[in-house]
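To start, the structure itself, in structure tokens.
This structure is a prediction, so every number in the text was calculated from the model and none was measured.
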Amino acid sequence: DISFRNSKFFFPILVGFTFGVNVVLIILKGASGKKEELGTEDMIAAAKEGDIGPAAAIGGYFALGTAALVGLATPWLAKRALDNAEKIKNEIKPNEETKTPLEEPTAGKKIEMTTAEYIKQQ
């Protein structure tokens, strides 16, 4: 429960950061061939001199916007994930008596044992 709660908090931050970094890289590397058409020539010239501030500012705005949108969608996504997990849990009933065929390492013969028995054997 705690890890799921933490992931709901961290997911928008991670997606926003990733999107922001991608925007910065697209501005600096991907748009350098069409810098005049896209109006990024000042940013690319500044980056060549070591100042990535203008591109990072635009990337930061995109990161914040993306994080806000994903933050708004996260409760809905979390509810869907919980509903799907509940469906799967209800459909699959684990049976302790289910035997799993395993190969014996030395003889190559198949033996039948439960997963719990196999773990105890190890």
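Separating the CD1 atom in Ile26 from the CZ atom in Phe19 is a distance of 7.5 Å, to the nearest 0.5 Å. Between atom CG of residue Leu64 and atom CZ of residue Phe17 there is a gap of 12.5 Å, rounded to the nearest 0.5 Å. Going from atom OG1 of Thr18 over to atom CG of Leu14 covers 4.5 Å, rounded to the nearest 0.5 Å.
Applying the side chain to side chain donor-acceptor pair (under 3.5 Å) test to Asn84 and every residue at least two apart in sequence or in another chain returns nothing. Every side chain to side chain contact (heavy atoms under 4.5 Å, CB included) that Ala78 has, sequence neighbours left out, goes to Phe4, Lys8.
Under the 4.5 Å side-chain heavy-atom criterion for grouping Ile, Leu, Val, Met, Phe, Trp and Tyr, Leu77 is connected to Val15 within one hydrophobic cluster.
Counting only residues at least two apart or on different chains, the salt bridge (charged side-chain N to carboxylate O under 4.0 Å, His left out) pairs with a member in residues 55-80 are Lys79-Asp83.
For Ala63 against Gly16, the heavy-atom pair with the smallest separation is CB-O, 3.1 Å.
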Mind listing the side-chain donor-acceptor pairs of residues 65-72 below 3.5 Å, one per line with the distance, residues two or more places apart or on another chain?
unit_1 : atom_1 : unit_2 : atom_2 : d
Thr66  : OG1    : Phe62  : O      : 2.8

Give the table of side-chain donor-acceptor pairs shorter than 3.5 Å for residues 47-59, with sequence neighbours excluded, one pair per line with atom names and distance.
unit_1 : atom_1 : unit_2 : atom_2 : d
Asp51  : OD1    : Gly53  : N      : 3.1

